[in-house]
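Reading through the structure tokens given below for one structure.
Lettering follows sequence order; numbering is per chain, from 1.
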Amino acid sequence: MELKYRALEGMNDVLPEQSTLWHSVESRWREHCRRYGYGEIRTPILETAELFERTVGETSDIVSKEMYVFQRGEERYALKPEGTAPVVRAYLEHGLYAAGSVQKLYYITPFFRGERPQKGRYRQAHQFGAEIFGAAHPLADAELLYMVMDFFQSLGVPADALELRVNTIGCPECRPAYREAVRNWGRDNYARLCKNCQARLERNPLRILDCKECVEITTDAPTIDPYLCDTCRTHFESLQSLLKTLEVPYVRSHRLVRGLDYYTRTTFEVVAEHGLGSQNALCGGGRYDGLVEELGGPPTPALGVGIGVERTLLVLQALKAPLPQPAPIDAFVVAFGDAARPVALQTAIQLRHAGIATDLDLEGRSPKAQMRLANRSGARYAILLGDSELQQGTASVKNLQTHEQTTVCQTELAEWIKSRL
RNA sequence: GGGAUCGUAGCUCAGUCGGUUAGAGCGCCUGACUGUGGCUCAGGAGGUCGUGGGUUCGAGUCCCAUCGAUCCCCCCA
């Protein structure tokens, strides 16, 4: 069949078979966040493009070449390319800082990036997010990291299938000096750097550390530790000590600098060994202590995480975890003869009102075909209605597993089935 | 944005050296059984071989272009 319309490149439909899995992971996330004291926030898919240009950064790949932007009238809009900026915007817009103390917000959102699709990377993807506002203490970092690893464990992903990578990238106090140091090192080693990194040198030298092509060369690049200010160093040290106390395994990754401009101090990601191909980061996040103020709010320390839903699903799939099956219906109503068809519909509705998942043939099919449908539906009971049942005000109820058949008064039908499910 | 591989029925795939009317399994529909499913048997529907062009007496098969899918680089969830 030649298709006139198909889903756009990198955009996927989730069919009923798959959506059962989505539901189970989504509800797992909701329950998990509830236990950790989070409230849900939902923000629009569309924001003014400027929000992301200001926060994610004009030079970042996400904004400069992947963001879906369009104009309508005077306003430039963007489909959200990530989850944090809109939440910060909403946090300010609704004065959530006025509630005092710490605010914890979680969400499930689609996001959009115009990249070439590959395994684990799509143009519309979905993200579980969690953000903490107003907590400067490393306790917040530790709790967030623990929560993330705890989430994967609750999904049945064994700890040794994952690697938590943690780093600090300093703050506006101490990072400039480090950035200069990396830049100077880069100038000294200019000829050895790849083309990309030569360009990065002036614009965003820290990203050189993240370059796969230059891995060999950057092993002797300066590390941030000697440059960290007292506050940043203490923060990072106590986070690491807390992780040890909580027995969260992690590795220090000097290369983890992240591609979004708003990060300060703690950055982290979780990579999976199996199931993800080359896009192996399951989640990423960090601290963004300057972002709220940058958007015109009061100085507010904050941090957050984004977990890729599709990638999580791929990892689960690779683990061969048993797929959650959609719950079958409870009853299937079969009409023998045309006179019974309206009664069958009424009966189905009556059972549904009683909370019994019920279906029936909607094509006027033969009894035999209806029985086939009943069998295929997975229903426990077939409710058979024919002339004789209609006359007596009864229904023949057939248990499709045991083949047992009983006559039940139509008025007692719902109760009879309910008590047996 | 660059690259590699792949496009035959709803799905998974055969299809020889270029040769007559396009094949299987699964799934779907009907019947055997006029009011009773699964199993079995019999029959049936379903294809512009992704699309367009070219080579040839002849193209699913060879060539070119194009669209799409998958994966990789880049980047990131």
Side-chain angles (χ1 to χ4, degrees), chain A residues 1-12 15 17 56 59-67 80-84 108-129 148 194-197 199-200 204 207 210-213 256-260 269-272 276-285 304-315 332 334-340 361 363 365-379 381-390 396-405:
Chain A
M1 190 174 9
E2 194 185 336
L3 295 175
K4 190 165 179 189
Y5 300 106
R6 9 166 112 244
L8 293 172
E9 185 177 4
M11 310 257 174
N12 299 303
L15 303 181
E17 201 184 337
V56 177
T59 61
S60 70
D61 281 30
I62 293 176
V63 165
S64 63
K65 43 189 220 200
E66 297 168 3
M67 195 159 71
K80 64 165 92 164
E82 59 104 33
T84 299
I108 302 176
T109 185
F111 65 99
F112 303 84
R113 293 180 195 173
E115 308 175 273
R116 184 143 311 174
Q118 72 188 73
K119 186 168 195 173
R121 197 177 72 179
Y122 311 99
R123 290 189 169 180
Q124 173 174 348
H126 301 263
Q127 182 171 88
F128 295 142
V148 167
C194 73
K195 271 229 161 76
N196 257 328
C197 285
R200 282 179 182 130
N204 198 350
R207 293 208 50 82
D210 210 9
C211 178
K212 284 173 199 160
E213 217 170 314
L256 191 60
V257 297
R258 308 259 89 205
L260 287 68
E269 68 180 16
V270 176
V271 299
L276 282 186
S278 73
Q279 308 301 314
N280 65 348
L282 256 185
C283 85
V305 63
I307 301 172
V309 179
E310 283 84 353
R311 291 183 184 181
T312 300
L313 263 30
L314 284 170
V315 168
F332 195 98
V334 173
F336 290 142
D338 287 336
D361 160 59
E363 296 173 275
R365 298 226 229 180
S366 73
K368 186 188 178 63
Q370 292 183 60
M371 285 304 293
R372 245 201 312 271
L373 291 180
N375 183 56
R376 205 180 303 156
S377 74
Y381 293 106
I383 316 298
L384 313 180
L385 296 168
D387 291 341
S388 54
E389 286 86 354
L390 257 49
S396 300
V397 181
K398 180 167 189 176
N399 184 317
L400 290 171
Q401 280 145 37
T402 64
H403 313 259
E404 261 178 301
Q405 195 161 316

Worksheet item: If you measure from the P atom in U51(B) to the same atom in C71(B), how many Å do you get, rounded?
Response: 24 Å
Practice prompt. Considering only atom P, compute the distance from U30(B) to G46(B) and round it to an integer number of Å.
Written response: 16 Å
Worksheet item: Quantified in whole Å, what is the C1' atom distance between nucleotide A24(B) and nucleotide G15(B)?
Response: 10 Å
Worksheet item: Can you tell me how far P in G52(B) sits from the matching atom in C67(B), rounded to whole Å?
Response: 15 Å
Discussion item. Looking at C72(B), I'd like to know if its phosphate oxygens (OP1 or OP2) sit under 4.0 Å from a side-chain N or O belonging to Gln118(A).
Written reply: yes
Practice prompt. Would you mind classifying the nucleic acid contact of Gln405(A) as base, sugar-phosphate or nothing, using non-hydrogen atoms under 4.0 angstrom?
Written response: base
Worksheet item: Between the side-chain atoms of Arg116(A) and the base atoms of G2(B), is any donor-acceptor pair under 3.5 Å?
Response: yes
Fill in: Between C26(B) and A45(B) - C1' atom distance, rounded Å
16 Å
Worksheet item: Would you say a side-chain N or O of Arg121(A) is under 4.0 Å from OP1 or OP2 of U70(B)?
Response: no
Worksheet item: Is there a donor on the side chain of Glu115(A) or the base of A77(B) sitting less than 3.5 Å from an acceptor on the other?
Response: yes
Practice prompt. With heavy atoms under 4.0 Å as the rule, sort Glu363(A) into base, sugar-phosphate or nothing.
Written response: nothing
Item to complete: For Thr312(A), answer base if it contacts any base atom (sugar-phosphate contacts may also be present), sugar-phosphate if it contacts only those atoms, and nothing otherwise; contact means non-hydrogen atoms under 4.0 Å.
Response: nothing
Practice prompt. Would you indicate, yes or no, if G37(B) has its OP1 or OP2 atom less than 4.0 angstrom from a side-chain nitrogen or oxygen of Lys368(A)?
Written response: yes
Worksheet item: With respect to the phosphate group of C29(B), does any side-chain polar atom (N or O) of Arg365(A) fall under 4.0 Å of OP1 or OP2?
Response: yes
Discussion item. I'd like to know if Lys398(A) reaches the base of U36(B) with its side chain, counting only an N/O donor and acceptor under 3.5 Å.
Written reply: yes
Item to complete: Determine the contact category for Gly386(A): base if any of its heavy atoms lies under 4.0 Å from a base atom, sugar-phosphate if only primed atoms, P, OP1 or OP2 are that close, otherwise nothing.
Response: base
Discussion item. Roughly how many Å apart are U61(B) and G19(B), using the P atom of each and rounding to a whole number?
Written reply: 11 Å
Discussion item. Suppose you measure atom C1' in C49(B) against the same atom in A14(B); what distance do you get, rounded to whole Å?
Written reply: 13 Å
Worksheet entry | Gln370(A) side chain near U36(B) phosphate (N/O to OP1/OP2, under 4.0 Å) | no
Discussion item. Pair Val309(A), Phe128(A) - check side-chain contact (heavy atoms from CB on, under 4.5 Å), show working.
Written reply: CA-CA 6 Å; Val309(A) 179; Phe128(A) 295 142; 3.7 Å; yes
Worksheet item: Expressed as a whole number of Å, how far does the C1' atom of G68(B) sit from that of C29(B)?
Response: 31 Å
Worksheet item: Using 4.0 Å as the upper bound for N to carboxylate O, is an ion pair formed by Glu9(A) and Arg123(A)?
Response: yes
Fill in: Candidates A77(B), G37(B), G35(B) - which lies nearest the side chain of Phe336(A)
G35(B)
Discussion item. Base of C29(B), side chain of Arg372(A) - is there a donor-acceptor contact under 3.5 Å?
Written reply: no
Item to complete: Write down the distance between CZ (Arg123(A)) and C1' (G1(B)), rounded to a whole number of angstrom.
Response: 11 Å
Practice prompt. Kindly say if Arg6(A) contacts the phosphate of G50(B), meaning a side-chain N or O under 4.0 Å from OP1 or OP2.
Written response: no
Worksheet entry | Touch class at under 4.0 angstrom, heavy-atom based, for Leu282(A) against every strand present | sugar-phosphate
Worksheet item: Any salt bridge between Lys398(A) and Glu404(A), counting N to O under 4.0 Å?
Response: no
Practice prompt. With heavy atoms under 4.0 Å as the rule, sort Ala374(A) into base, sugar-phosphate or nothing.
Written response: nothing
